[in-house]
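Owing to the predicted nature of the structure, the values given are computational and were not obtained by experimental measurement. Sequence lines set the chain letters: A, B, ... in the order given, protein chains first and strands last, and positions in each chain run from 1.
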Amino acid sequence: MRTETRRAIPNPLAAVVLVAFAVFFVLPVVWLVLAATKTDDQLVRDSPLSFGSWDALRANWDALTGYQSGAILLWLRNSAVYSFVALAITLCVAVPAGYALAVTEFRGRRTLLIATLVVMLMPNATLVVPLFLEINAVHLIGSMWSVILPYAFYPFGVYLAYIYFGAALPRELLDAAKLDGCSEFAAFRHIGLPLAAPVVALVGFFSFVANWTNYFLPYVLLPSSDQVPVQVGLGTLLDNVPQFNPTAGALAVQRPEVALATLVAIVPVLLVFLFSQRFLVAGLLAGATKD
Amino acid sequence: MTTVAPRQRRSRAAPAFVAGYVILLVAFGVVPTVYAIYFAFTDSGGAFAGLGNFADAAADFRFLPAIGHVALYLVCWLAGLVVFVVGLALLLHRLQVRGAGRTLRFLYYLPGALAGAASVMVWLFVLDPAVSPVGFLLRALGYQTFGQVIAPGNLPVLFAAIAFWTGAGGWIVVMYGALNTISPEVLEAARIDGAGAWQTARRIQIPLLRKWIVYMVILAFAGGTQLFVEPQLLSQASVGVAGRDYSPNQLSYDFAFQNDNVNTAAAISVELLVVGLVVAAVFVVRSGFFDAD
């Protein structure tokens, strides 16, 4: 193309495209929030982007929490337990491992590093059915550890810690500590750990979001409906919406209740997003900057 | 970014530092892989079955369609991802209004919070003309009911749209960050030489973004082959009319849980595993992205 504009003058077409995409990304979220404030009748008859009423919102909440006497709250509790316990294990395991990979030499280090990179790039759904077979063989199906431990295995966290310690740890400091007769454990405790706050936040963010939003693994590994996390619970609600499933029958769930449930299910991740934008950008970039 | 600091001599403590991680890696990375391979090559009695399970899977009437569905979905998803993510990042980068750029990036990123089942729930409503915020659009396109919207021919595009909606924002942020690493002098020089926005993008910015684009495509491809939650929930929402056994992962799941045939399920899993593993390994070794020193 030979026609060239001389200078970067603000381009109205560009602005239109940018705004159009903003609408594409945000409109469904706005609709979701508003849908939770309506009755099913209002959902169909009123303008899609109108506010219903606080009364309807309260009624939806009562109906939702009334579903199987508070199933949604149980699901949320399950999600929280799985996500946080797994997160705690991930941190205890990934931070020392990343530290050792970054600052020490040991047999198998390179193999471990490459294995970590490869597993990290594999989508986590790949291993779900094989994991089921394994966990079934050791009779752990239905135990909460059947999801917590696989969640806790988080190679991306190890990679982030490895990159971080490799870049942030002053080597002279470690040498000086060694000269002073500091053991490797003491060096990690007194020098590595105090510096680790940013990487703990970063790994914590990504691990939490990944755990909270996982669907396939708990769907397969947790057979009992009172054990499932909220993501899988949403699917259960969906099965009882008459408009989607005409055979729903007595347990019928109204669509605004499903909208509210979806909203409730994402609130924790949304909060984490709002408060950790910085980490997020840094982490997304760390996922591949190392040159 | 700085490279990893030179390491100490052989460490005695290192094994203790990595022990926990290695246990998890073996238990939830290596063992399931080996176990799946074992199942894939044996029959229900545990005797060696050669490629029998793979042949059974391939002969199943749902197998080839599932591969086809995912292939079609990947084409839509990857094409849309590359064109729109790169395009939007370039436009954002040229935007002079500072605050607006930040806000837009955040808005694009926001649906990422709905990853997983939540995004599908939202889209079930968005795609239902009766309640959709874009019902007028759906009706203008000739769709009066949810059933018409989720016609089989539309599914690849719809799943791609859902994936794009939740996943693109993060990549736009990444690309934008990468564009910021290009020095202003280079862009200024290009401008003085008479390069317009299009020329600058094509000759300077996109070539410099290339490795990021490759990274994105690789991850999106690997993730895309694993399609599960979208068709699974859609099939629930349409009482099995659309989306049932749509993807290889669903098929593997159904073999294991509906047909009680874990060997064939494992064969499909192994195939998916090989795809994921090969893609990841080639990328790690060849891209130079992760120099494992």
Side-chain angles (χ1 to χ4, degrees), chain A residues 1 4-5 8 14 18 22 25-28 31-32 43-44 48 93 96-97 100 102 104-106 113-114 117-119 121-123 125-127 129-131 133-134 150 153 158 166-167 171 184-185 213 215-216 231 234-235 238-239 244-245 262 265-266 269-270 273 281 284-285 288-290, chain B residues 1-2 4-5 7-8 10-11 13-14 17-18 20-21 24 28-29 31-32 35-36 39 91 94 104 107-108 111 113-118 121-122 126 130-131 133 170 173-174 177 194 196 198 215 222-223 226 228-229 233 236-237 239 252 256 265 269 272-273 276 280-281 284 289-290 292:
Chain A
M1 227 159 109
E4 297 143 4
T5 36
L18 287 171
F25 284 113
V26 173
L27 189 68
W31 179 90
L32 182 69
L43 197 67
V44 178
V93 163
T104 67
E105 180 57 79
F106 56 91
L113 206 49
I114 291 173
L117 291 175
V118 170
V119 181
L121 291 177
M122 282 168 56
T126 325
L127 281 171
V129 173
L131 264 171
L133 300 176
E134 175 192 0
F153 169 52
V158 175
R171 167 140 174 72
E184 285 182 76
F185 288 109
T213 57
Y215 176 87
F216 195 13
Q231 293 268 339
L234 289 179
L238 187 63
D239 276 338
F244 291 124
N245 180 3
T262 308
I266 61 164
V269 181
L270 214 51
F273 264 43
V281 177
L284 286 169
L285 289 171
T289 7
K290 199 181 155 266
Chain B
M1 215 162 152
T2 32
V4 172
R7 269 159 282 111
Q8 300 171 345
R10 280 198 182 269
S11 160
F17 283 124
V18 297
Y21 172 60
L24 290 178
F28 303 110
V31 173
Y35 209 57
F39 268 103
L91 289 180
R94 284 176 66 79
L104 283 173
L107 293 181
Y108 292 174
L114 284 82
M121 304 297 284
V122 172
V126 171
V131 298
V173 171
V174 169
W198 172 251
Y215 182 54
Q226 302 296 323
F228 182 81
V229 60
L233 285 178
Q236 277 177 238
V239 209
S252 172
S269 282
L272 288 168
L273 202 62
V284 167
F289 235 117
F290 309 99

Chain B heavy atoms under 4.5 Å from A:Leu32: which part of the residue, side chain, backbone, both or neither? side chain
How long is the span from the CG atom in A:Leu127 to the CZ atom in B:Phe28, to the nearest 0.5 Å? 11.0 Å
Give, for atom CD of A:Gln231 and atom OG1 of A:Thr213, the distance between the pair rounded to the nearest 0.5 Å. 6.0 Å
Using 30° and 60° as the class limits, which term best fits the ring planes of B:Phe228 and A:Phe216: parallel, tilted or perpendicular? parallel
For B:Val131, what residues pass the side-chain contact (heavy atoms from CB on, under 4.5 Å) criterion, not counting sequence neighbours? A:Trp31, A:Leu43, A:Val44, A:Arg255, B:Phe125, B:Asp128
Which answer fits B:Leu104, side chain, backbone, both or neither, if we ask what part of it has an atom under 4.5 Å from a heavy atom of chain A? side chain
Taking A:Leu270, A:Leu131, A:Leu27 one by one, which has the highest count of heavy-atom pairs under 4.5 Å against chain B? A:Leu131
For A:Tyr215, which atoms come within 4.5 Å of any heavy atom of chain B: side chain, backbone, both, or neither? side chain
Between the CD1 atom in A:Ile266 and the CG atom in A:Leu234, the distance rounded to the nearest 0.5 Å is 10.0 Å
Less than 4.5 Å to any heavy atom of chain B: does that hold for the side chain of A:Val118, its backbone, both, or neither? both
Taking the side chain as every heavy atom from C-beta outward, state whether B:Val174 and B:Tyr215 have any atom pair closer than 4.5 Å. no
Not counting sequence neighbours, which residues clear side chain to side chain donor-acceptor pair (under 3.5 Å) with B:Tyr21? List them please. A:Thr116
Is A:Ala14 close to chain B through its backbone or its side chain, or both, or neither, when contacts mean heavy atoms under 4.5 Å? both
Can you name the closest pair of heavy atoms from B:Tyr35 and A:Leu133 and give their distance? CE2-O, 3.3 Å
For chain B, which of A:Ala22, A:Gly235, A:Pro130 has the most heavy-atom pairs under 4.5 Å? A:Pro130
Among B:Pro133, B:Ala14, B:Gly223, which residue has the highest count of heavy-atom pairs closer than 4.5 Å to chain A? B:Pro133
At a heavy-atom separation under 4.5 Å, does B:Tyr108 approach chain A through its side chain, its backbone, both, or neither? both
With chain A, which of B:Gly116, B:Pro32, B:Pro111 has the greatest number of heavy-atom pairs at distances under 4.5 Å? B:Pro32
Considering only heavy atoms and a distance below 4.5 Å, find which of B:Ala280, B:Ser252, B:Ala130 pairs most often with chain A. B:Ala280
